[in-house]
Colleague: 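Pasting a structure here, questions to come.
Both ligands and their constituent atoms are indexed starting at 1 by order of listing. Throughout, residue positions are numbered sequentially from 1 according to the sequence presented. The structure displayed is predicted, hence computed values, not measured ones.
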Amino acid sequence: MFVDKAKIYVKAGDGGDGIVSFRREKYVPEGGPAGGDGGRGADIIFRVDEGLRTLMDFRYQRHFKAPRGEKGRNKGRHGANAENMVVRIPPGTVIVDEDSGEILADLTRHGQQVVVAKGGRGGRGNIRFATPKNPAPELAENGEEGEERYIVLELKVMADVGLVGFPSVGKSTLLSVVSGAKPKIGAYHFTTITPNLGVVDVGEGRSFVMADLPGLIEGAHEGVGLGHEFLRHVERTRVIIHVVDMSGSEGRDPFEDWQKINDELRLYNPVLAERPQVVAANKMDMPESEANLEQFLQRVREVKPDIEVMPISSLTRHGIQELLFRAADLLDQIPDEPVVEEVTELSERKVYSLEKKEDEGFRIVRENDTFIVQSAKIDRMMKRMQLNSHEAILKLARTLRYMGVDDELRKRGAVEGTIVRIGDFEFEFVESSSYY
Ligand SMILES: Nc1nc2c(ncn2[C@@H]2O[C@H](COP(=O)(O)OP(=O)(O)OP(=O)(O)O)[C@@H](O)[C@H]2O)c(=O)[nH]1
Ligand SMILES: [Mg+2]
């Protein structure tokens, strides 16, 4: 098991602004308010697509910004809602909020989806603010901001392709040149003692997970050299790349190596003998390799005429691209089995609500002679208000009084003329009787 990870930023669409507008019709000199509401900003939705295997795509695109809603229009018409943005993720993706560490969703089945950032509501147009007392309001609201957050995607994956072979044939080296993985490489046997995995990007939107497994030796199927441990991993891979050292170093015979490993696979589980296998004839950069390969091909074809042998050198990278394409093609041909294991600790955990908890309170701090009002609610409200009209200011003042901000300021010593800062705005404190 290994975890493919990606950190991304999502920002849902802002709502469209409401507008101030008045009817202008023949014979109606002073038309009523006619400014429509803004449209809703786009949500960002993550949806499971079973065709995806890795989080590779998120290495190239890490920022997702959804479109905003349209502005309100005249004659009371709504601005259009923005179309939601759908991002495809592979099955088995756990979505975590970076700030809180909360699991937002744990999606396993095709088509499952979750809203990771909600689009903002459209602002109300001036039609909506009309009252009998104020039939022609000069007041409209800005669209609400779309949610934004940093998200960590975690995918628990199993390997699609397993590298098997004797120790020191170059399995780890191969993985290191085709993926971002950094396995330990060494001229001694059993350099690798636990599997390493890496994501291989084949291009054209195709990618797969490759496992570099510890070297196998004779008797592995009986457990020699931790054989069982390693073979269990091979069992789970869908395609086997059998790496054979063609240089015949250490007096070894490539054909015998190949046979011995295949015996171990078959003896451990006969199914493994049927698994699609490509032989990667490695170390072709060495002087004896060419001659050895010729011999190898002859002998191998006697026992298995349809065997695929691809000469490569992980050192010079010769033949590597062809090998990867071949592995990807084989994977495409194999019927999809579920590769995602149910991760019980996660699926039993509650999926947390994405709704933000409203924070209704406020805090007043003093900076010399200035009083600063800190409140998420008021900040949000001020962002929505178009504070260029007298009416909007009055509405804000009423809200502040209603929330108890006025009383608290007075208690803390604010008097007529004291400077009060809220967000980016500074006001003079005015005794409420003079509001009207
Ligand atoms: N000349 C040459 N040497 C290679 C090539 N690939 C790997 N080697 C060397 O072979 C040695 C063993 O490489 P590893 O990648 O560690 O082999 P391994 O199969 O992972 O070995 P274990 O983990 O012990 O099973 C290292 O010294 C590599 O530098 C190649 O294409 N050409
Ligand atoms: Mg190794």
Colleague: Are any of the side-chain heavy atoms of Phe58 and Lys7 separated by less than 4.5 Å?
Modeller: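 Not touching, per the 4.5 Å side-chain cut-off.
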Colleague: Using non-hydrogen atoms of the residue, decide whether Ser168 is closer than 4.0 angstrom to ligand 1.
Modeller: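 Per 4.0 Å heavy-atom rule, Ser168 contacts ligand 1.
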Colleague: Quick one, Phe362 with Glu408, criterion side chain to side chain contact (heavy atoms under 4.5 Å, CB included). Give me CA distance, side-chain angles, the key distance, then yes/no.
Modeller: CA-CA 10 Å; Phe362 66 89; Glu408 190 60 30; 4.0 Å; yes
Colleague: Check ligand 1 against Gly215 and write out every atom of the ligand that is under 4.0 Å from a heavy-atom position of the residue.
Modeller: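 By the 4.0 Å cutoff, the relevant atoms are 25 (O).
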Colleague: Examine Asp212 against ligand 1 and note whether any of their N/O atoms are separated by less than 3.5 Å.
Modeller: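 For ligand 1, there is no N or O atom that lies under 3.5 Å from one belonging to Asp212.
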Colleague: Can you list the atoms of ligand 1 that are under 4.0 Å from a heavy atom of Met286?
Modeller: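 Atoms satisfying the 4.0 Å criterion: 1 (N).
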Colleague: Should the pair Asp160-Arg238 be classified as a salt bridge under the 4.0 Å nitrogen-to-oxygen rule?
Modeller: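 Yes, this pair counts.
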Colleague: Taking the basic N atoms (NZ, or NE/NH1/NH2) and the acidic carboxylate oxygens, is any pair closer than 4.0 Å for Arg206 and Asp329?
Modeller: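 Yes, charged N to carboxylate O under 4.0 Å.
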Colleague: Within the supplied structure, the quantity of interest is the number of heavy atoms (other residues, nucleotides, ligands) at a distance under 6.0 Å from Asp306 CG; does it exceed 12?
Modeller: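 Correct, the count exceeds 12.
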Colleague: Between Asp285 and Thr316, do the side chains contain a donor N or O and an acceptor N or O under 3.5 Å apart?
Modeller: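 No pair is found: no donor N or O on one side chain lies under 3.5 Å from an acceptor on the other.
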Colleague: Tell me whether the rings of His63 and Tyr9 are parallel (<30°), tilted (30 to 60°) or perpendicular (>60°).
Modeller: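 Tilted: the ring planes of His63 and Tyr9 meet at 30° to 60°.
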Colleague: Dump the intermediate steps for side chain to side chain contact (heavy atoms under 4.5 Å, CB included) on Ile44 and Val115, then the final yes or no.
Modeller: CA-CA 6 Å; Ile44 297 184; Val115 176; over 6 Å; no
Colleague: Are any of the N or O atoms of Pro214 closer than 3.5 Å to those of ligand 1?
Modeller: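 Such a contact does not occur with ligand 1.
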Colleague: Nearest heavy atom to atom 15 (O) of ligand 1: which of Val177, Ile185, Thr173, Leu163 does it belong to?
Modeller: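 Among Val177, Ile185, Thr173, Leu163, the closest heavy atom to atom 15 (O) of ligand 1 comes from Thr173.
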Colleague: For ligand 1 and Leu213, I'd like to know whether there is a polar contact (N/O to N/O, distance under 3.5 Å).
Modeller: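 No, Leu213 has no N/O under 3.5 Å of an N/O on ligand 1.
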Colleague: Looking at non-hydrogen atoms alone, which of Lys184, Lys171, Met246, His318 comes nearest to atom 25 (O) of ligand 1?
Modeller: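 Going through Lys184, Lys171, Met246, His318 one by one, Lys171 has the nearest heavy atom to atom 25 (O) of ligand 1.
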Colleague: I'd like to check which ligand 1 atoms, numbered from 1 as shown, lie under 4.0 Å from a non-hydrogen atom of Gly170.
Modeller: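 Heavy-atom distances to Gly170 below 4.0 Å select 7 (C), 13 (O), 14 (P), 15 (O), 17 (O), 18 (P), 19 (O).
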Colleague: In terms of atom number and element, which parts of ligand 1 are under 4.0 angstrom from non-hydrogen atoms of Ala187?
Modeller: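 Every atom of ligand 1 under 4.0 Å from some heavy atom of Ala187: 27 (O).
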Colleague: Can you list the atoms of ligand 1 that are under 4.0 Å from a heavy atom of Leu315?
Modeller: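 So the answer, numbered in order with elements, is 1 (N), 2 (C), 30 (C), 31 (O), 32 (N).
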Colleague: With distance as the sole criterion, is a donor-acceptor pair present between the side chains of Ser247 and Ser289 under 3.5 Å?
Modeller: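 Ser247 vs Ser289: no donor-acceptor pair found between side chains.
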Colleague: Does the pair Asp97/Arg149 count as a salt bridge with the N-to-O cut at 4.0 Å?
Modeller: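 Looking at Arg149 together with Asp97, the answer is yes, because their closest N to O distance falls below 4.0 Å.
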Colleague: Using a strict 4.0 Å cut-off to heavy atoms of Tyr188, name the atoms of ligand 1 that fall inside it.
Modeller: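 Close to Tyr188: 24 (O).
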Colleague: Identify, by atom number and element, the atoms of ligand 1 in contact range of Asp285, meaning under 4.0 Å from any of its heavy atoms.
Modeller: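 Numbered from 1, ligand 1 contributes 1 (N), 2 (C), 30 (C), 31 (O), 32 (N).
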Colleague: State whether the shortest distance between N or O atoms of Asn282 and N or O atoms of ligand 1 falls below 3.5 angstrom.
Modeller: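 Yes, Asn282 has an N/O under 3.5 Å of an N/O on ligand 1.
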Colleague: Can you list the atoms of ligand 1 that are under 4.0 Å from a heavy atom of Ser313?
Modeller: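 Once the distances to Ser313 are compared, the set is 31 (O).
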Colleague: Does any N or O atom in His189 lie less than 3.5 angstrom from one in ligand 1, N or O only?
Modeller: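 No.
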